[in-house]
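Here is the structure we will look at, set down as structure tokens.
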Protein chains: 2
Amino acid sequence: MSKPASPARAVTIHDVAAAAGVSKSTVSLVLQGSTLIRDETAERVREAARKLGYVYNRRAAELRSNSSRTIGVVINDLMNPFFAEVLVGLERKLVDAGYIVFMAHTSEDLRRQEQVLATMREQNIAGIALCPVLGTPQALLKTVKSWGIPLVVMVRPLGTSAYDYAGSDNEGGVALATAHLIARGHRHIAFLGGRRGPVFEQRLAGYKRALADAGIAFDEARVFAADPTREGAHDCTLAMLDSHAEVTAAACYNDLVAFGALSALGERGLRPGKDFAVMGFDNVLAAAHSNPPLSTVDVRPGALGEAAAALLLHRISAPGSAPSRYIATPHLVLRQSA
Amino acid sequence: MSKPASPARAVTIHDVAAAAGVSKSTVSLVLQGSTLIRDETAERVREAARKLGYVYNRRAAELRSNSSRTIGVVINDLMNPFFAEVLVGLERKLVDAGYIVFMAHTSEDLRRQEQVLATMREQNIAGIALCPVLGTPQALLKTVKSWGIPLVVMVRPLGTSAYDYAGSDNEGGVALATAHLIARGHRHIAFLGGRRGPVFEQRLAGYKRALADAGIAFDEARVFAADPTREGAHDCTLAMLDSHAEVTAAACYNDLVAFGALSALGERGLRPGKDFAVMGFDNVLAAAHSNPPLSTVDVRPGALGEAAAALLLHRISAPGSAPSRYIATPHLVLRQSA
DNA sequence: CTGAAAGCGCTTACAG
DNA sequence: CTGAAAGCGCTTACAG
């Protein structure tokens, strides 16, 4: 592939210096808003810059000053609205803080994750916010640390060592959801959807805990792992309905799974919330207006993204500080599906 | 705000040159995979680089060579899965072509759009892919052109002049959807949701055309504009049901609107597809597993993003070529809601 | 096949 | 308060 053309970059600091009759240093100083330059001079410089159509070359500036105002964000699954909401919160907070974001999507592909991380490293970024792909080795933490790039990991924990992390209380949240189902009189409750992994185990633990608290025996046959997509959940729900007629409720891995369950239920002529209870997890925007509206566990996805941004910004400004975590407190939100 | 720290950048091309006993030029050449350098020398250089933990500073290289491998993508509404799917297709194609993407989200805020565009301009980007905010002035086209930055606009047209554009046949698509409703025997059909703007007018025109083709009089009272969100559509549907009991079907502005309608219908005890017909537009992933699955118009959102990427890449490699357009051909996909 | 030199657009001590 | 000079990490003619 040929080298791409790039925008004309005719006018530089040198040109405006000449036009304003000052030195490059003076122009640089006024561009940075320095108070060292007399008002009158500064005004003359700004006028010249305006007239010439000068545009600041931030990358050149960052190269010289060895600074960076860009942050890499890597997301594993943007097709799940939960991650889209996290991304929006994160991006908003980052640009408000004066950063610009490199965004890369990995589609749960480990190789692509390695590739985009390597590419970002070459870009002199100030930090990385990562929703790791399923199966990401813990060693990635050490690798990125060795690069000297601040990192915050989001949603999926990456081992037990200390690192900046923004996630939610998965166990507590699903325990809440399951306990609600039990309180409504359900005794045969499934745990539905999701792929095995750290988050799955935490949520499953919440399900088990709620059962145990109610004196209900845990039955491995009632946990139905499946792709955490609408389609995976839809198919899985159909199969469950056929093979486990006694089940009357499901604590779902997340809202997407719950939506798939709603769809399958409807297909079978079952009314969610009446004939079969379903609880979601996340409380994505869509949950408020599904058919029927979804009872779920709110972990405030957007706020989670903002929290991740805050952690990363703090790490950047205080590299030596101790790692910290944001764990969203789950809240039950009851609508019509359970 | 203090200047953010940046990663340690200890080792440079200079260091590896010293370690390998060659000049900087030679190192640069082998890094670029030039065939000018003897294999043995190249290997020695690569070995030294590896040993020293050298990492290429792409931004410095781009500054020197006045090239750019980064593209700015600005999206107006990531909370709509349609745009998320467009973004994913776009990003995938761009990184496959060796680019990295700056992503900014505008939340339909014109001021933020101007701000992120200005920021991206300072970053020496190779191109911009823009889903313009509602109310973006046509003049933006000229402005970006004057910057010398290749631009592709997506989804929402921006005036009548020639420019690279990726969108869909809105009029044809909604005509298809409306005609289907008519074929099913509906005579009192609403056009539901969406905010006035170029896309709205095109889709509304399709609705009118289908009515006219069937000899049904258009009634302005049957077009219900509303925020193109689940919530806006939900509330609007409820109001419509109350005030226009004769309406038995709706051609929706997009899938998100249709989902809101599904929710409202369910709330009223109406069965979508039986008691009231709903047609969507876009065919987002979620449409296949809503409750009930949504009949809609497929414009392949992901492919649209890929097409936008292709247009932009072409513009970058052939700046002088004539502007071109990708207009997705709509296809009816019939599921349960109509 | 490889090296010495200039320079991309900027910042930053250092003088004055 | 402002200018001259060096240099960030790289590339690219130009010699040899």
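The model shown is predicted, which means the values in this text are computed figures rather than measured ones.
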Handout entry: Pair B:Glu62 + B:Arg69: basic N to acidic O under 4.0 Å
Key =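 Result for this pair is no, no salt bridge flagged.
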Exercise for the section: Before accepting this row, confirm whether a basic side-chain N of the pair A:Glu43/A:Arg46 lies closer than 4.0 Å to the acidic partner's carboxylate O. Expected result: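 The answer is yes: the pair qualifies as a salt bridge.
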Handout entry: Toward the 5' end of DNA chain D, by each residue's nearest nucleotide, A:Ala42 or B:Leu63
Key =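 Looking at the nearest nucleotide for each, A:Ala42 comes out on the 5' side.
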Practice task
For A:Ser23 and for B:His14, locate the closest nucleotide of DNA chain D by heavy-atom distance; then report the residue assigned to the nucleotide nearer the 5' terminus.
Solution key: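 So the residue in question is A:Ser23.
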Which of the following nucleotides, [options], is nearest to the side chain of [X]?
X	options	answer
B:Ser28	D:dA6, D:dG9, D:dT12	D:dT12
B:Thr26	C:dT11, D:dC10, C:dG3	C:dG3
A:Thr12	C:dC10, C:dT11, D:dT2	C:dC10
B:Ser65	C:dC10, D:dT2, D:dT12	D:dT12
B:Ala60	C:dT11, D:dG9, D:dT11	D:dG9
A:Ile37	D:dT2, D:dC10, C:dT2	D:dT2

Exercise for the section: Record whether the side chain of B:Arg64 comes under 3.5 Å of the base of D:dG9 through a donor-acceptor pair of N or O atoms. Expected result: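 Result: no qualifying N/O pair found.
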Check the phosphate of [N] against [X], side-chain N and O only, distance under 4.0 Å to OP1 or OP2. Yes or no?
X	N	value
B:Gln32	D:dT12	yes
A:Arg59	C:dC10	no
A:Ser25	D:dG3	no
A:Thr41	D:dT2	yes

Exercise for the section: Would you please indicate if the ring centroids of B:Tyr326 and B:Tyr165 are separated by under 6.0 Å? Expected result: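 Between B:Tyr165 and B:Tyr326, which both carry aromatic rings, the centre distance is not below 6.0 Å.
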Exercise for the section: Find which nucleotide of DNA chain C each of A:Glu62 and B:Thr35 is nearest to by heavy atoms, and output the residue with the more 5' nucleotide. Expected result: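 The residue whose closest nucleotide sits nearer the 5' end is B:Thr35.
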Exercise for the section: Measure across A:His105 and A:Asn76 and return the closest heavy-atom pair with its distance rounded to 0.1 Å. Expected result: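 Minimum heavy-atom contact is NE2-O, 3.7 Å.
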